[in-house]
Amino acid sequence: MANALIIRPGSDLSSPTSERRAAQYVRMSTDSQRYSTQIQAAAIAVYAARHDLVIVRTYADEGRSGLQIKRREGLIELIEDVRGGRADFDHILVYDVSRWGRFQDIDESAYYEFICRRAGIKVCYCAEEFDNDGSVIASIVKNLKRVMAAEYSRELSVKVHAGACRVASLGFKQGGPAGYGLQRELVDESGCSRGILLKGQRKHLQTDRVVIRPGAENEQRVVARIFREFVVHRRSRGSIVRWLNNEEVPNHRAAPWSHAMVRQILSNEAYIGNSVYNRSSSRLKQSRKQNPPELWIRVTGLFEPVVDNSIFLKAQELLKEGQGRLSNELLLEKLRETFSANGKLSASILAATENMASAALYAHRFGSLREAFRRVGYVDPERSYDYADARQQSEAELLRQVETLVAQIKIRGVTARFDWQTAVLTVAGKLALSVRIARYYAGKSHAPCWLVHRRTIEPAELILALRLDKETNREIVDYFLLPMHEMAKHVIALTATSRSRFASYRCPKMSDVVQAIMEKVATLLT
């Protein structure tokens, strides 16, 4: 980590008389500047000098909550180094108990310290009055401090939520995007406008507030038509989605319209000038939960409605009726009718059929689209579903490959983190790689190939494609390290020929991948 946080002993600090080695861990959340990493490092440096310790490593987490170890890359790296026997120190210096973490389960905090102690490494809390020597008094005080740290977070969470509810009750927006056909306006403490906030922009002054206003007129017309088609003409959400996508109507997400996007518009009270807050909440990094209506905070008449109130209320009735209307039996009956009319079934046929449920709903209700088709007696004779059966095994193989890759990178003294939610591997904190499986596909209209799919938003500069064998679609045969700019479309088709424009990006072995990554990291660090 940053050597700037290692304060070298100077004339005012006595030099250590022995070469006892220590690592320091510093963490700052966003709640208080009094815990800045520089202040922590200064106090730790004084402690190290007084106890004849030499600080050789720094692990840091800036702007990270102490409630969980998740996303605290510095602490994760520290624990992994200790577990893996890579720690070249016998002390870990931390400013105080709260910097180690405000874990809501204090046993979790103790567990991470136990891992260090079992490896023969002592954790020292430099700003605390007690010495963490394992004595009864130290253990009692330390656990009391852990309880106090956890309770501080609980109390702060209650205060923050209460403050947010109070501000929301005044009609101000509490973070998040405005939504389609709406926009965010920044106002000062007197209510005077400071201008419209564009996507990604935030307020900078504590006294400023954000309010919702109607957006572009063309988007308002689209919103009004969505309500009219749904309520007056009784078009299904699927039919509305097809209309929007067929006419290539752009939206705020720069992505194709979906059932969820249309439902969000139809159920959003902002289109009748209302603000609703606290419909759901997530406290202390826990799972989000839905709150009962009596806890909602609703402010009405904030601006001129985009749609008529009576149409909006009718839309809510239709949405409520539709929640339990499509039973499994009715879904299968509609599927049989579609099969009878078309002679076959596919996701594209479902999308093109009027008043037909989405393929995603069938997959959700019956486990897979293939299973839904099977229940109405349809099995595609020309399509192989082996890839679906092999997917779980290939994903397990991806896990194994990524773990191997991360281990080999760390052996070379470089940090590597893999985020399973985004499937992005970050190396040295600078190079981001989106890891994807390339499955073999033999299409009727083109030569056999391996398909690499990208997501709508890829937070990476490179794609690492793991190509599967064409016999079973289960085993990794080689790798392709592809620049993101090569993906002009949402799919790359890799072929077996050496004349392919992607051939120069091929890495036959894992060691070749590691070498290529290290060369790119070296370029970024120079």
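Nothing here was measured: the structure is a model prediction, and the numbers come from that model.
- Residues Arg83 and Glu80 are not paired through a salt bridge, judged by the lack of any N-O separation under 4.0 Å between the basic side chain and the carboxylate.
- The nearest pair of heavy atoms linking Asp208 to Arg194 is OD1-NE, 3.1 Å.
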Please report the C-alpha distance between Glu403 and Arg400 in whole Å, then the side-chain angles of each, then the deciding distance to 0.1 Å, and finally whether the salt bridge (Lys or Arg N to Asp or Glu O under 4.0 Å) criterion is met. CA-CA 5 Å; Glu403 289 178 342; Arg400 190 185 68 80; over 6 Å; no

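- For the pair Leu318/Arg234, a side-chain contact is recorded, criterion being any heavy-atom separation below 4.5 Å from C-beta on.
- The closest side-chain donor-acceptor pair between Gln401 and Tyr479 falls under 3.5 angstrom.
- Taking the six-membered ring where tryptophan is involved, the planes of Tyr378 and Phe373 are perpendicular, since the angle between them exceeds 60° and thus also 30°.
- Ring geometry for Tyr362 versus Phe366: interplanar angle under 30°, hence parallel rather than tilted (30 to 60°).
- Salt bridge present: Glu317 and Lys314 bring a charged side-chain N and a carboxylate O closer than 4.0 Å.
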What do the steps show when you test Trp450 against Phe502 for ring-ring contact (aromatic ring centres under 6.0 Å, His included), and what is the final call? CA-CA 12 Å; Trp450 287 262; Phe502 303 117; over 10 Å; no

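- A salt bridge does not link Lys334 to Glu337: none of the charged nitrogens lies less than 4.0 Å from a carboxylate oxygen.
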Residues Asn274, Thr300; criterion side chain to side chain donor-acceptor pair (under 3.5 Å); working and verdict: CA-CA 4 Å; Asn274 295 349; Thr300 61; 4.7 Å; no

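- Side-chain contact between Leu481 and Leu433 is present, with heavy atoms from C-beta onward closer than 4.5 Å.
- With a 4.5 Å cut-off on side-chain heavy atoms, Phe418 and Val435 count as touching.
- Checked for salt-bridge contact, Glu155 and Lys159 miss the test: no charged N lies under 4.0 Å from a carboxylate O.
- Using a 4.5 Å heavy-atom cutoff, the side chains of Leu198 and Arg184 are not in contact.
- Between Phe227 and Tyr271, the ring-plane angle classifies as perpendicular under the 30° and 60° cut-offs.
- Contact check for Arg336 versus Glu333: side-chain heavy atoms found under the 4.5 Å cut-off.
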The test is side chain to side chain donor-acceptor pair (under 3.5 Å); show your working for Gln104 and Arg154 and say whether it passes. CA-CA 8 Å; Gln104 294 304 289; Arg154 284 192 286 269; 2.9 Å; yes

